[in-house]
Protein chains: 2
Amino acid sequence: MSGSFRRAPDFERRSDMIEATLDCIADLGIEATTVRAVAARAGISNGLIRHHFESKSNLIMAAYRHTIELMIRPALDVVALPDIPPHERMVKFVTACLGGSVAEPRLLSVWATFISHVRLSPRLAQEHRDGYLTFRRATEQIIDEILTADGRRLPTGELERLGIVVNALIDGLWLEGCLMEDFDEDRLIDLCLRAIESLLDIKLPDIAEIGT
Amino acid sequence: MSGSFRRAPDFERRSDMIEATLDCIADLGIEATTVRAVAARAGISNGLIRHHFESKSNLIMAAYRHTIELMIRPALDVVALPDIPPHERMVKFVTACLGGSVAEPRLLSVWATFISHVRLSPRLAQEHRDGYLTFRRATEQIIDEILTADGRRLPTGELERLGIVVNALIDGLWLEGCLMEDFDEDRLIDLCLRAIESLLDIKLPDIAEIGT
DNA sequence: CGACAAACTGTACAGTTGAATAATTATTAT
DNA sequence: ATAATAATTATTCAACTGTACAGTTTGTCG
């Protein structure tokens, strides 16, 4: 009666389970994301989950870490690009934040699920805080580069202020874009860039002028 | 063995249950928000919930409608204020969006829980969409009043664009403010107002200059 | 080959879930 | 007072939950 199975490398199995977990959260909601539902979606038996993750909550936490990674990785990659004009970097940064896989409603569902639990789990709260601050510092860094290139200097505290504001703008537009599917992705990015031009009093290059 | 009880008016009982539901969602998470947990928090027996709400999902939906109301009511009240200078209205509007009970982390937890389910329930999605559009139109209206008072006219589509952007800014700052408790509420409001000044190229009155 | 470690399955268990229902109680109308 | 009404409780039920664990299968190393 016992079907045959395949022994997968540890990392691969864990990845599969994490993916299946995110699938369940997005498609069924966290309240229906049971060990059995995840196992079924990953094509494994339920017992295997506790073999790789000591408990269900460990699996959920691992899934959250993976989600943060999915969300900020594209943007952080832009920050790490070497030898690129600062204004152009900002355009790519915004594009990475509001476009591609980051902008999918699926991801928003998962993100919202975790955000709703930040108050309940100190571990989750810390994980979120780290991600948020990393992101904000990245934003500040790009802003600083741009203003320096333009030969401008900011009063103390102004850079932080602009970082917070630009960050909020990006977050807000990301939310709206994910929730209202009729928003065109390119339009959203253009909207964001023009707003940033106003906020920082700068001129950014057109998206068309920039290569991939 | 049966304890004595009080017969409450229908509306009062329903309100109690809805409040208890929001308490549970915020303090325990939606996955632990069971009929029994809600009943215990409302100080009633579990059977009573199905007597007032036909099913658990009806209760949850009612709780969501109440949450939307909690979130946008203060801001909509500002929009409805008669005989108030447009610039001042904007200041009050932002204050209503980012301050008071709206800015409490509890509310964010509940909001995030519902947002995470928008993809799963067309009813929920419609409810959200209505609330969002109402909110954005309110924002647009105030912006329009301000620019008109300043004797400026916008090209077609620009008002919508500014509405989306200002809305996103408010949403993003609300998020950050709720999640990072060390953000001072007044500072957040000031930050938002200064950003709106840049975005709309206007001058807003100081908060100090305005009465309650 | 053969044996050994561990990845993997399937089932069992105690506790919990939403829902249904019978029994009880407070309130209102008469 | 008393009967009628419906709000409320308490219990029951089948289905499901996370976890534990005994047993099966697989790949690897000598």
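To find a chain, count down the sequence lines: A is the first, B the second, and so on, and within it residues start at 1.
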Phosphate-side-chain proximity, [X] and [N], N/O vs OP1/OP2 below 4.0 Å:
{"X": "B:His52", "N": "D:dT8", "result": "yes"}
{"X": "B:Arg6", "N": "C:dT27", "result": "no"}
{"X": "B:His51", "N": "D:dT8", "result": "no"}

[X] has an atom [atom1]; how far is it from atom [atom2] of [N], in whole Å?
{"X": "B:Phe5", "N": "C:dT27", "atom1": "CZ", "atom2": "P", "result": "8 Å"}
{"X": "A:Ile30", "N": "D:dT17", "atom1": "CD1", "atom2": "C1'", "result": "14 Å"}
{"X": "A:Phe53", "N": "D:dT19", "atom1": "CZ", "atom2": "P", "result": "13 Å"}
{"X": "B:Asp10", "N": "C:dA26", "atom1": "CG", "atom2": "C1'", "result": "16 Å"}
{"X": "B:Ile44", "N": "D:dA10", "atom1": "CD1", "atom2": "P", "result": "12 Å"}
{"X": "B:Arg14", "N": "D:dA7", "atom1": "CZ", "atom2": "P", "result": "12 Å"}
{"X": "A:Leu59", "N": "D:dG18", "atom1": "CG", "atom2": "C1'", "result": "12 Å"}
{"X": "B:Lys56", "N": "C:dT17", "atom1": "NZ", "atom2": "P", "result": "9 Å"}

I'd like a table of atom pairs between the protein and nucleotides 28-30 of chain D - only N or O on both sides, under 3.5 Å - with the distance next to each one.
none

Starting at the 5' end of DNA chain C and moving along, which residue's nearest nucleotide shows up first, A:Gly47 or B:Glu31? A:Gly47
Indicate, yes or no, whether a donor-acceptor pair under 3.5 Å links the base of C:dA7 to the side chain of A:Arg13. no
Option among A:Leu191, A:Val91, A:Val94, A:Thr139 that satisfies the side chain to side chain contact (heavy atoms under 4.5 Å, CB included) test with A:Ile196: A:Val94
Do any of residues 112-125 of chain B sit with a heavy atom less than 4.0 Å from DNA chain C, and if so which?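 The stretch gives none, as no residue of it lies under 4.0 Å from the strand.
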Side chain of B:Arg14, backbone of B:His52: donor and acceptor closer than 3.5 Å?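 Judged by distance alone, yes, a pair lies under 3.5 Å.
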Between B:Glu197 and B:Arg194 (salt bridge meaning N to carboxylate O under 4.0 Å), is one present in this structure? no
Assign the ring pair A:Tyr64 / A:Phe114 to parallel, tilted or perpendicular, where the plane angle (0 to 90°) is split at 30° and 60°.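 If you compare the ring of A:Tyr64 with that of A:Phe114, the planes turn out tilted.
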Could you give the distance from CD1 (B:Ile164) to CG (B:Leu159), rounded to the nearest 0.5 Å?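 Output value for this atom pair is 10.0 Å.
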Once rounded to the nearest 0.5 Å, what's the spacing between atom CE of A:Met180 and atom CZ of B:Arg129?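 Taking CE in A:Met180 and CZ in B:Arg129, the distance rounds to 4.0 Å.
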Quick check: on DNA chain D, is the nucleotide nearest A:Val35 upstream (toward 5') of the one nearest A:Arg7, or the reverse? Name the residue that is more 5'.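 Of the two residues, A:Val35 wins.
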Choosing from D:dT19, D:dT26, D:dT8, which nucleotide comes nearest the side chain of B:Leu48? D:dT8
Tell me, yes or no, whether the heavy-atom count around [X] atom [atom1], taken from other residues, nucleotides or ligands under 6.0 Å, exceeds 12.
{"X": "A:Glu54", "atom1": "CD", "value": "no"}
{"X": "B:Arg65", "atom1": "CZ", "value": "yes"}
{"X": "A:Asp182", "atom1": "CG", "value": "yes"}

Between A:Glu140 and A:Arg137, does a salt bridge (Lys or Arg N to Asp or Glu O under 4.0 Å) hold up when you go through it step by step? CA-CA 5 Å; A:Glu140 285 178 11; A:Arg137 273 191 224 102; over 6 Å; no
A:Val165 and B:Ala195 have their tightest heavy-atom pair at CG1-CB, 3.7 Å
When you compare the protein's N or O atoms with those of nucleotides 13-16 of chain D, which come within less than 3.5 Å of each other, and at what distance?
none

How would you label the contact of A:Asn46 with the nucleic acid (heavy atoms, under 4.0 Å): base, sugar-phosphate, or nothing? base
Evaluate B:Glu160 against A:Arg187 for salt bridge (Lys or Arg N to Asp or Glu O under 4.0 Å), listing each step before the verdict. CA-CA 12 Å; B:Glu160 190 197 26; A:Arg187 179 173 170 238; 3.2 Å; yes
